[in-house]
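Okay, so here's the structure we're looking at.
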Amino acid sequence: MKPRCKPDWTIEDSAALYGIRHWGGGHFDLSARGELTIKARFPTGEVAIPLPEIVAGAAARGHEFPLLLRIENLLDARLALLNNSFAAAIAAAGYRGTYQGVFPVKVNQQCQVIEEISRFGAAYGHGLEAGSKAELLLALAKLHDGALLICNGYKDHEFIDLGLWAGKLGHRCFFVIESPSELPLILDRSARLGIKPLIGVRIKVSAEVGGLWTETSGDRSSFGLSTAQLVTVVDQLRRCDMLDCLQLLHCHLGSQIPDLSDIRSGVREASRFYAELASEGVPLQYLDLGGGLAVDYLGNQSKHSHSRNYDTADYCRCIVETVAQTLDRQKIPHPTLVTESGRATVAHTTMLLFNILDVLQFAPLALPDRCPDTAPALVARQYQLHQSVTADELTATYTEALANRDRLRERFRSGEISLRQRSLAENLFLSIARQVAEKLDQQPQIPAELSDLHQNLADIYYGNFSVFQSLPDTWAIDQVYPVLPIQRLDEAPTRDAIISDLTCDCDGKLDCFIVNGNEQQTLPLHPLRDDEDYILGVFLMGAYQETLGDLHNLFGDTNVLSVRINENGSFDFSKELSGDSIADVLSMVEYHPTTLLEDLRNKAESAVRRGAISLAERQQILQEFSARLRGSTYYRS
Ligand SMILES: *Cc1c(COP(=O)(O)O)cnc(C)c1O
């Protein structure tokens with residue numbers, strides 16, 4: 001690793017440090033001026049737009065930080081990648097079937113995302129997967145004609161009626177049976193409406209899968225039929241002469257599966273179920289393998305739960321070849337392959353951008369040239385240590401300084417030393433710790449006693465965002481996202497930092513980062529400059545984040561901007577959504593803005609009556625209050 005103090009730092013050093021080429025999937029790059037760029041591909045070539053330009057365009061339109069940016073071109077590119085990779089794998093393997101994907105709505109339900117998937121996906125026949133009535137309603141309205149619509153999850157008769165009507169409208173709408181009790185309901189509603197259903201069955205595979213989401217498959221999963229239940233459902237359909245409705249076999253191994261060999265085992269088992277059912281005379285035509293295609297958040301192509309040891313092409317080849325091999329043994333015709341890839345389709349599309357409001361450094365504020373004569377002996381000893389840190393005694397020096405600091409704090413508590421003496425002692429300790437850390441950087445090995453030192457001395461950068469609103473998975477499941485500055489990447493980042501959000505919660509922070517391909521607890525950043533925004537981006541956060549967020553400390557939805565990059569190098573804001581105002585979030589917890597204003601008016605009026613404020617001041621206070629109600633929940637720098 002290159003020392004970060006090098007004066008000849010280049011954008012390539014930043015690219016390696018932040019792993020941009022590894023997690024970026026080819027969608028991100030750096031400009032010669034050190035800006036992070038977004039790349040869009042066109043038949044005539046590639047266009048790269050610097051992110052700071054998009055931010056400037058947003059600011060000129062009145063959108064303040066934090067900004068959620070959605071790049072439509074990236075969504076198109078991911079859909080194209082998935083569909084083209086399956087097409088290539090199918091051609092290469094001589095597979096006698098096609099691929100038809102569906103997007104699981106739960107992964108990102110935002111209208112702009114669903115509309116874009118429906119619009120761009122039409123060319124590939126890319127459909128939607130719905131897991132609730134609300135999702136089915138939006139899918140039904142937005143999906144292009146003729147596409148697949150897969151209904152998973154618990155279903156009541158209203159859900160089923162909607163799905164049956166979807167079939168009348170020309171969608172191939174499958175009810176995937178997750179539990180045996182659903183079948184009688186589907187048959188009953190279908191008879192009442194006189195519409196034949198398309199039915200799928202969801203099986204539980206026993207092949208074990210690694211990753212964070214393993215409980216979505218296996219014997220104890222709450223979803224899917226056991227083998228015995230599957231056989232019962234098939235027999236019931238046969239008895240009532242409806243076996244021709246059963247055309248799809250579904251399984252979902254889990255989300256974010258890091259190891260390709262786990263996917264292969266699961267697909268092989270699902271294919272065996274398919275082959276067995278087909279050879280029993282079930283007229284299956286679709287094999288739906290669910291989600292699981294992982295995103296390499298870490299950018300290190302590993303079996304780590306936030307990474308993956310394969311790429312999209314490997315994934316498609318694995319599925320196509322495994323299905324073909326398994327079915328060919330029993331001479332079963334190849335089905336249409338379906339996957340429900342959510343994460344891998346939308347993660348790259350969305351990024352969160354926020355500015356840094358302030359930085360807290362753990363460094364001495366002021367130190368006298370010599371130790372005051374009045375200083376207690378222990379403080380004098382700290383002064384001596386601070387003046388004599390040498391490379392060969394780092395552990396001993398630090399251990400003693402730490403013990404001295406703790407003893408001095410104890411003496412403060414018991415009243416033996418004064419506020420000023422404690423202040424000097426704390427400054428001295430920080431000076432010693434800093435000197436030790438600097439000398440440590442030049443040593444090949446870090447002693448175990450000093451392994452936390454860098455982290456303990458890291459700066460805290462205060463970001464204008466809320467983890468709970470925008471990145472809930474970072475605290476809920478320790479999800480790691482790429483985080484980096486979007487400017488000054490031609491400059492060495494000389495500070496080590498953790499990032500704190502605006503909430504008053506100790507979980508409201510980002511303290512796990514990928515640096516040079518390894519997880520670490522601090523992120524290299526640049527020192528702030530006066531009068532210049534320092535903007536950080538959190539990337540790959542388009543999946544699962546947007547509707548999980550909550551109103552911790554009443555920080556509301558951020559501004560959301562959709563951007564389309566044009567072939568001529570320009571870009572448009574194709575959709576602008578303002579975030580929640582303070583009045584919006586207060587209404588969500590049942591405060592009515594008009595009543596609040598009335599309450600305040602009464603308070604101000606009685607202050608006027610008491611003579612505490614003038615009438616002009618009353619007006620000023622009320623104006624300020626109502627302006628803030630209409631304003632953003634986040635901060636201005
Ligand atoms: C959540 C879910 C998916 C999406 O999985 P990804 O790993 O995000 O692709 C697909 N199918 C079902 C049934 C799901 O529950």
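Both ligands and their constituent atoms are indexed starting at 1 by order of listing. The residues of the chain are indexed from 1 along the displayed sequence.
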**Request:** Report the part of H252 (side chain from C-beta onward, or backbone N, CA, C, O) that has a heavy atom under 4.0 Å from ligand 1; answer both or neither where that applies.
**Result:** side chain
**Item:** Enumerated ligand 1 atoms positioned under 4.0 Å from heavy atoms of E340
**Value:** 3 (C), 4 (C), 5 (O), 9 (O), 10 (C), 11 (N), 12 (C), 13 (C)
**Message:** Is there a polar contact, in the sense of an N or O pair closer than 3.5 Å, between K106 and ligand 1?
**Reply:** yes
**Message:** With respect to P104, determine whether any N or O atom, backbone or side chain, lies less than 3.5 Å from an N or O atom of ligand 1.
**Reply:** no
**Message:** Using heavy-atom distances only, which candidate in G291, S255, G153, S341 approaches atom 7 (O) of ligand 1 most closely?
**Reply:** S255
**Complete:** For residues 102-112, the side-chain hydrogen bond (donor to acceptor under 3.5 Å, both in side chains) pairs (sequence neighbours left out) are R70-Q112, N108-E546, Q109-T547, Q112-S562
**D161 and R189 ion-paired at < 4.0 Å** = yes
**Fill in**
So the atoms of ligand 1 within less than 4.0 Å of a heavy atom of Q256 turn out to be 7 (O)
**Message:** For H306 and Y297, take the angle between the two ring planes, folded into 0 to 90°, and tell me which bin it lands in: parallel under 30, tilted 30 to 60, perpendicular over 60.
**Reply:** perpendicular
**Fill in**
Residue pairs meeting side-chain hydrogen bond (donor to acceptor under 3.5 Å, both in side chains), one or both in residues 283-292, sequence neighbours left out, come to R172-Y286
**Prompt:** Looking at ligand 1, does any of its N/O atoms fall within less than 3.5 Å of an N/O of R343?
**Reply:** yes
**Fill in**
Here the atoms of ligand 1 under 4.0 Å from any heavy atom belonging to N152 are 13 (C)
**Prompt:** Which atoms of ligand 1 are found less than 4.0 Å from any heavy atom of G342?
**Reply:** 6 (P), 8 (O), 9 (O)
**Message:** Less than 4.0 angstrom from a charged side-chain N to a carboxylate O is my criterion; do E116 and R119 meet it?
**Reply:** yes
**Prompt:** For ligand 1, which part of Y544 has a heavy atom less than 4.0 Å away: the side chain, the backbone, both, or neither?
**Reply:** side chain
**Asked** Between R239 and D235, is there a salt bridge with N-O shorter than 4.0 Å?
**Response** no
**Asked** Would you say G292 and ligand 1 have an N/O pair spaced under 3.5 Å apart?
**Response** yes
